[in-house]
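Working notes, beginning with the structure itself.
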Amino acid sequence: MSTDLGRLMGMDLRPGYPEPAVASLLDEWQAASTNSVWLRPGDWYHPAVEALVEALTDSRCPAAAAERLGEARGRDGISIGETIDDLSCLFDLWGTAPDVTVLRAVSTGWAVGNEVVPGAPPTTDPRSGLVTVPYLVQRLQETYGQADRSGTPASATHCLVLVDVAIERIDGWQKVARAAAMGKVLTETFGLGHPVATLGGGIYAALCTRTADVGPVRAELRHRIERTALTFGVTAILRRPPRIWVEPLPPRHADAAHMLHDLSR
């Protein structure tokens, strides 16, 4: 019989607690995730989700189960951002937030699982969910082509908004966590489908029209970066405050491509 979540939270969840507690929390987690952050409901379940719920309800350290789940998500081609958002749904139900040990475990597992995914789409960076530099270069080519046809220079209609949150000496899992956090920030700020690329090393570029007022965009980015850094416990691996500036487009597409590659790390 399904148990109400409020009653579940008050139970004495010692090792060996009856299975219905696990099933109830598992059902609550799946519903919360698929109704909010999960993109493809049909591929949510994996045995690793049950192992993670069991670790919580048995009062065991959930890091090993989180690493197993991260590896499964990476192997299935799920982005690190979606993976962490899904994990956060579980911990929200549990009444806490995933600590740095759990975030590190799921990110480490995801990185391992992602390494074995063949033929990853070249237009998307799987860690952040943002586009790659070659894809942004292609979008810029379209922008310059439209400018040529209209007789108005691309530099007069568009610009790049650059965001730098880089700090020195961070390890592999921290780079994964930073990419996930920034992917979330930039997607929420600019919207799905907007050409925002990761340039590597904690630098990101968004193609924007010059008619837009970038002042509010800068303020929103700073606010979202600070809030996301606190939420995900990654304040130590993001430059705060971030460097945000507008980079004018050069006269030619080839020069813009060179500029992006120069900024890439």
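Ile237 contributes atom CD1, which lies 11.0 Å from atom CE of Met182 (distance to the nearest 0.5 angstrom). Atoms CD1 and CZ, from Ile225 and Arg239 in turn, are 11.0 Å apart once rounded to the nearest 0.5 Å. Taking CZ from Arg227 and CD from Glu220, the interatomic distance works out to 8.5 Å, rounded to the nearest 0.5 Å. To the nearest 0.5 angstrom, Arg252 atom CZ is 14.0 Å from Leu140 atom CG. To the nearest 0.5 Å, atom CG of residue Leu90 and atom CH2 of residue Trp29 are 4.5 Å apart.
Using a 4.0 Å cut-off between charged nitrogen and carboxylate oxygen, Arg139 and Glu142 count as a salt-bridge pair. Contact check on Arg60 versus Asp58 returns a salt bridge, with a Lys/Arg side-chain nitrogen under 4.0 Å from an Asp/Glu carboxylate oxygen. Taking a cutoff of 4.0 Å between a charged side-chain nitrogen and a carboxylate oxygen, Glu226 and Arg222 do not qualify as a salt bridge.
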Report all side-chain donor-acceptor pairs from residues 101-113 shorter than 3.5 Å, counting only partners two or more places apart or in another chain.
residue: Ser107; atom: OG; partner: Leu103; partner atom: O; Å: 2.8
residue: Thr108; atom: OG1; partner: Arg104; partner atom: O; Å: 2.8
residue: Trp110; atom: NE1; partner: Ile78; partner atom: O; Å: 2.7

Cut-off 3.5 Å, no hydrogens considered: what does the side-chain donor-acceptor table look like for residues 190-208, sequence neighbours left out?
residue: His194; atom: NE2; partner: Leu207; partner atom: O; Å: 2.7
residue: Thr198; atom: OG1; partner: Gly200; partner atom: N; Å: 3.4

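Qualifying salt bridge (Lys or Arg N to Asp or Glu O under 4.0 Å) partners for Arg73, counting only residues two or more places apart in sequence or in other chains: Asp86.
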| field | Derivation and outcome, side-chain contact (heavy atoms from CB on, under 4.5 Å), residues Tyr144 and Gln146 | value | CA-CA 5 Å; Tyr144 277 86; Gln146 291 172 356; over 6 Å; no
